[in-house]
Protein chains: 2
Amino acid sequence: MTAPTGRRRPAYDAASLLTVAVAEFNTRGYDATSMEDLSRAAGITKSSFYHHVSGKEELLKAALTRALDGLFGILSEPESLSGPALDRLRHIIYRQVEVLQSELPYVTLLLRVRGNTETERWALARRRAFDASIASLVAEAVADGEVRAGVEPSLAARLLSGTVNSISEWYRPGRPGSDALPGEVVRIVGEGIIPPA
Amino acid sequence: MTAPTGRRRPAYDAASLLTVAVAEFNTRGYDATSMEDLSRAAGITKSSFYHHVSGKEELLKAALTRALDGLFGILSEPESLSGPALDRLRHIIYRQVEVLQSELPYVTLLLRVRGNTETERWALARRRAFDASIASLVAEAVADGEVRAGVEPSLAARLLSGTVNSISEWYRPGRPGSDALPGEVVRIVGEGIIPPA
DNA sequence: CGCCGTCAACCGAACGATCGTTTCAGGGTC
DNA sequence: GACCCTGAAACGATCGTTCGGTTGACGGCG
């Protein structure tokens with residue numbers, strides 16, 4: 001997690017400081033986290049911290065970029081590009097849960113962005129674009145008759161995204177059953193959580 | 001929305017100021033919202049604002065109390081207390097969506113609490129207690145054999161709460177179909193969003 | 001009716017604390 | 001000695017909050 005190229009002191013690379021910073025952002029919230037908090041969590045003083053990173057918002061942007069790259073990468077995968085709309089949708093959901101697991105802190109931070117700064121608004125717009133592509137895929141599946149009647153596409157898409165994204169609020173890596181989670185989510189989202197009356 | 005008893009100047013009562021404050025909290029985030037922002041949104045100066053409210057955290061507490069009272073009120077309703085576990089669960093979900101609609105700003109604020117202050121930790125604990133009572137109801141329904149096999153109760157409960165709570169991120173009152181939303185959510189949560197393979 | 005004391009409502013200015021960020025004077029290693 | 005790293009101290013800005021004073025409508029009194 002340290003020693004950039006093997007020279008000089010132990011030193012802190014930008015990557016490990018980002019890890020620390022994002023963890024703090026997620027526990028206290030971005031606005032409530034001070035640079036003092038970040039440097040203390042990293043084990044150095046505030047000014048030393050500034051020698052490695054250019055500012056608070058740069059850390060946020062790096063974290064949000066990582067989360068968005070992970071999510072948009074899903075849309076470029078072959079299984080997301082060809083085949084029946086419903087199959088593509090299931091693959092995207094499966095992979096979205098996987099990315100949420102592997103990039104948990106970054107995705108969590110992304111899902112909490114409010115739009116106060118230019119960076120946050122940029123991330124918000126990108127995230128909305130991701131959700132929109134899922135929504136259009138749901139609409140396509142409905143139009144193709146692959147989804148049972150009575151499902152209002154935009155509502156279904158919103159609940160779908162909401163369900164998947166809510167995982168970030170309780171999932172913690174390393175617990176048993178983590179590997180099975182993506183498949184379980186796809187199954188439950190398909191079969192329903194509790195049976196209808 | 002104003003004129004407490006009809007005397008003196010136009011005046012602002014505590015209730016309308018709370019409405020304004022919660023709206024600001026939800027757009028900017030609690031920590032990122034200054035008392036200057038709140039007073040400007042209310043149309044008075046910062047010091048005038050302080051004449052009506054005792055402080056920032058008091059506003060937060062009042063809002064969170066209103067949200068929590070609305071949610072816990074559901075658990076005291078007759079339909080939540082007797083009958084098959086699955087019926088009780090469906091009623092609670094239906095009503096939870098209704099409360100989320102009617103108390104949208106307050107519930108939204110509650111769902112974003114991070115636990116920085118004592119007030120936030122109190123709200124967090126109460127909210128967890130609410131979720132726990134739903135989770136135990138799901139487990140009861142599974143134990144009674146009212147839910148199809150293969151559903152892991154704790155996972156189902158978490159996805160269930162996540163799905164319902166995610167509504168606060170996009171629902172806006174006044175749009176057509178609002179009245180049908182609670183029923184739609186109960187139905188979709190039961191039948192699934194997209195059909196299984 | 002007219003006058004006045006009273007008090008809630010409001011505002012301008014300032015409080016100490018903390019924010020994100022910068023400066024500068026060293027230490028450590030090559 | 002050159003270079004990277006570190007930390008103590010301080011920067012202006014803004015935070016939540018308080019203080020002192022002005023305004024103006026109301027109730028009581030002559």
Side-chain angles (χ1 to χ4, degrees), chain A residues 1-18 20-25 27-64 109 113-114 116-120, chain B residues 1-22 24-25 27-64 109 113-114 116-120:
Chain A
M1 196 70 90
T2 42
T5 50
R7 46 197 172 109
R8 316 264 167 175
R9 300 208 223 155
Y12 303 85
D13 54 6
S16 67
L17 290 183
L18 179 61
V20 170
V22 172
E24 290 293 302
F25 287 159
T27 56
R28 283 177 240 235
Y30 175 74
D31 291 299
T33 304
S34 69
M35 295 300 278
E36 183 82 42
D37 293 329
L38 296 185
S39 58
R40 194 186 310 116
I44 54 182
T45 63
K46 199 163 55 159
S47 43
S48 297
F49 193 86
Y50 263 97
H51 189 265
H52 299 279
V53 302
S54 66
K56 191 180 181 184
E57 194 166 0
E58 185 229 36
L59 286 167
L60 179 64
K61 180 153 198 170
L64 297 178
L109 195 59
V113 153
R114 299 300 318 150
N116 292 325
T117 67
E118 198 53 51
T119 297
E120 295 191 32
Chain B
M1 196 72 89
T2 42
T5 50
R7 42 196 175 106
R8 315 260 169 182
R9 303 209 221 153
Y12 301 85
D13 53 5
S16 67
L17 291 183
L18 180 62
T19 302
V20 170
V22 172
E24 291 292 303
F25 287 160
T27 56
R28 284 177 239 233
Y30 175 74
D31 290 299
T33 304
S34 69
M35 295 300 279
E36 184 83 42
D37 293 329
L38 295 185
S39 58
R40 194 185 312 116
I44 53 181
T45 63
K46 198 162 56 159
S47 42
S48 297
F49 194 85
Y50 264 97
H51 182 74
H52 299 280
V53 303
S54 67
K56 192 181 180 183
E57 193 165 359
E58 184 229 36
L59 285 167
L60 179 64
K61 180 153 199 169
L64 297 178
L109 195 59
V113 154
R114 299 299 318 148
N116 291 327
T117 67
E118 197 54 49
T119 297
E120 295 191 32

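Residue numbers begin at 1 in each chain, while the letters A, B, ... track the order of the sequences.
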Any protein N or O atoms within reach of nucleotides 19-21 of chain C? Criterion: under 3.5 Å, listing atom names and distances.
from   : atom 1 : to    : atom 2 : distance (Å)
C:dG20 : OP1    : A:T33 : O      : 3.2
C:dG20 : OP1    : A:K56 : NZ     : 2.7
C:dG20 : OP2    : A:M35 : N      : 2.8
C:dT21 : OP2    : A:Y50 : OH     : 2.5
C:dT21 : OP2    : A:K56 : N      : 3.0
C:dT21 : O5'    : A:Y50 : OH     : 3.0
C:dT21 : O4     : A:K46 : NZ     : 2.9

Sorted by chain and residue number, the side-chain hydrogen bond (donor to acceptor under 3.5 Å, both in side chains) partners of A:S39 (sequence neighbours excluded) come out as none

Return the set of residues passing side chain to side chain contact (heavy atoms under 4.5 Å, CB included) with A:A21 (not counting sequence neighbours), or none when no residue passes.
-> A:F25, A:L38, A:L59

Report the distance from atom NZ of A:K61 to atom OG of A:S54, rounding to the nearest 0.5 Å.
-> 11.0 Å

Does the side chain of A:S48 get closer than 4.0 angstrom to OP1 or OP2 of D:dG7 through an N or O atom?
-> yes

Please list, chain by chain and in numerical order, all residues satisfying side chain to side chain contact (heavy atoms under 4.5 Å, CB included) with B:A62, sequence neighbours excluded.
-> B:L18

Toss me the dot-bracket line for DNA chain D: Watson-Crick and G-U wobble, both under 3.5 Å, 5' to 3', using | for pairs to another strand and [ ] for crossers.
-> |||.||||||||||||||||||||||||||

Any side-chain heavy-atom pair from A:Y30 and A:E57 closer than 4.5 angstrom?
-> yes

Separation between CD1 (A:I44) and NE2 (A:H52), nearest 0.5 Å, reads 5.0 Å

Does the side chain of A:H52 get closer than 4.0 angstrom to OP1 or OP2 of D:dT6 through an N or O atom?
-> yes

For A:R28, all residues meeting salt bridge (charged side-chain N to carboxylate O under 4.0 Å, His left out), sequence neighbours excluded | A:E24, A:D37

For C:dC10, does OP1 or OP2 lie under 4.0 Å from any side-chain N or O of B:H51?
-> no

Look up atom NZ in B:K56 and atom CE in B:M35, then write down how far apart they are to the nearest 0.5 Å.
-> 8.0 Å

Measure the distance from CZ on B:F49 to P on D:dT18 and round it to the nearest whole Å.
-> 14 Å

Does a distance-only test, which skips hydrogens and angles, find a donor-acceptor pair under 3.5 Å between the side chain of A:S47 and the base of D:dA9?
-> no

Nearest-angstrom distance from the residue atom CG of B:L60 to P of D:dG16 = 13 Å

